[in-house]
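FYI, the numbering just counts along the sequence from 1. Just so it is clear, the values below take in all heavy atoms, side chains as well, and ignore hydrogens, waters and symmetry mates. In listed order, ligands and their atoms are each counted from 1.
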Amino acid sequence: MMDMAQAGYATDSIDLRSDTVTQPSPAMRQAMAQAKVDDDVIGRDPTMVELEQRAAELLGREAGLFMVSGSMSNAVALMVQVSRGDYFMAPRYAHILSHELGTASWLAGGIPVELGWGETPGVPKLAEIDAIAAEEDHGHAYFELVPRLLSLENTHNHAGGTIIPQALSDALMAKAHQAGWQVHLDGARLWHAAAAQSITPAEAAGAADSVTVCLSKGLGAPVGSLLCGSQELIDRARRARKMLGGGVRQGGVLAAAGLVALEQELPRIDQDRILARRLAQGLRVLGFDAPVPQTNIIMVKPGQASQLSASQLAASWNKIGVRCLTMGPAVRLVTHRDVDESMIDQALDRIEDCLKA
Ligand SMILES: *Cc1c(COP(=O)(O)O)cnc(C)c1O
């Protein structure tokens with residue numbers, strides 16, 4: 001690890017790099033210490049069973065399966081639904097295409113096909129799905145690739161935490177099913193999308209055959225993702241996870257944190273959107289190009305405020321203790337459970353001072 005003080009960073013920094021930088025709450029650590037556990041590879045761990053059932057219930061699916069990461073959940077979802085010679089479609093810059101080093105196609109053997117964005121950044125056009133489905137209607141020779149699965153991402157990380165409007169999500173999934181394709185939903189931040197639209201996570205998950213959610217994105221758990229779907233799909237997924245060495249023996253220690261995340265952190269998740277809007281509003285006042293965020297991710301461009309490039313801007317903010325990352329041509333700031341209003345205002349003050357300096 002780089003020594004922060006030595007590298008010239010403020011030590012009392014406000015960490016907006018991601019909603020994954022959170023500390024597990026005292027309640028989580030206590031639940032982890034006291035969790036009832038058993039071997040979840042040769043049998044079942046009772047706390048793990050409870051978490052998987054709870055997640056499946058929240059998402060309105062028959063069953064759930066714990067994974068150590070969202071990337072593993074996505075890979076397993078494709079492993080059980082896509083084969084060699086199939087292709088799977090996902091919107092441009094989807095995590096599954098751009099941020100997982102190709103594992104999905106490598107392990108599942110499917111060929112990724114990138115879909116353009118429609119009006120809503122991060123969301124494919126219904127018309128494009130129609131066109132691909134119609135092409136298939138003409139019948140295909142034995143040597144042609146077969147479309148097999150549509151993967152959607154809600155919220156879309158790279159687009160700036162954008163929500164798939166629920167009616168559009170339902171329509172996209174219905175079209176895919178009509179065409180005979182499977183539907184996977186990468187819902188690492190589905191919680192945020194559901195809360196912002198005042199619907200349940202199950203409603204937001206719609207008709208997807210498989211859904212990935214994360215416990216460590218805004219919910220404060222140290223680790224964990226769940227893949228949810230039909231019992232039959234999850235039975236196959238458990239075998240696929242085993243192939244990746246993804247079983248966790250006394251997994252209840254981790255599941256206990258996840259249960260606290262779902263019980264105590266999920267109800268407050270929409271606070272992150274409110275904080276993000278406050279931050280974006282303050283940045284606009286300073287002259288930055290910071291559109292109103294749909295959820296907890298803010299994409300900021302220098303705008304009128306600064307001549308610096310996004311990466312120079314990020315470097316200067318990191319130096320004054322407003323920790324952030326760049327994503328594409330923007331600086332990405334993410335709100336989460338470990339920042340509050342006063343810290344957001346403090347970050348804005350520092351950024352303003354930095355502009356004057
Ligand atoms: C973070 C993220 C993932 C992967 O989660 P990891 O636990 O980091 O592997 C998948 N999809 C989206 C949209 C994400 O933001």
Among side-chain atoms of [X] and [Y], is any donor-acceptor pair under 3.5 angstrom?
X: Ser225; Y: Ser73; result: yes
X: Ser25; Y: Gln264; result: no
X: Asn154; Y: His192; result: no
X: Glu50; Y: Thr47; result: no

Exercise for the section: List the closest protein heavy-atom neighbour of atom 1 (C) of ligand 1: residue, atom name, distance to the nearest 0.1 Å. Expected result: Lys217 NZ, 1.2 Å
Completion exercise
closest protein heavy atom to atom 11 (N) of ligand 1 is Asp186 OD2, 2.6 Å
Exercise for the section: Tell me which part of Asn74 gets within contact of ligand 1: side chain, backbone, both or neither, using heavy atoms under 4.0 Å. Expected result: side chain
Exercise for the section: Classify the contact between Ser69 and ligand 1 as side chain, backbone, both or neither, using a heavy-atom distance cut-off of under 4.0 Å. Expected result: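 Within the 4.0 Å criterion, Ser69 contacts ligand 1 through backbone and side-chain atoms alike.
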Handout entry: Contacts of type ring pair (Phe, Tyr, Trp, His ring centres under 6.0 Å), residue Trp191, not counting sequence neighbours
Key = none
Practice task
Could I get the full list of ring pair (Phe, Tyr, Trp, His ring centres under 6.0 Å) partners for His99, not counting sequence neighbours?
Solution key: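 So His99 forms a ring pair (Phe, Tyr, Trp, His ring centres under 6.0 Å) with His95, His158.
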Kindly confirm or rule out an N or O of [X] lying under 3.5 angstrom from an N or O of ligand 1.
X: Ser71; value: yes
X: Thr155; value: no
X: Cys214; value: no
X: Glu153; value: no

Problem - Whether Ser18 side chain and Thr20 backbone form a donor-acceptor pair below 3.5 Å - result: yes
Practice task
Any atoms of ligand 1 less than 4.0 Å from a non-hydrogen atom of Arg189? List them with their elements.
Solution key: 15 (O)
Exercise for the section: Just jot down the ligand 1 atoms closer than 4.0 angstrom to any heavy atom of Gly70, in number order. Expected result: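 In order of numbering, the contacting atoms are 4 (C), 5 (O), 6 (P), 7 (O), 9 (O).
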Exercise for the section: Output the distance between atom CD1 (Ile163) and atom OG1 (Thr295), rounded to the nearest 0.5 Å. Expected result: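 So the gap between those two atoms works out to 5.5 Å.
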Problem - Any His99 heavy atom less than 4.0 Å from ligand 1 - result: no
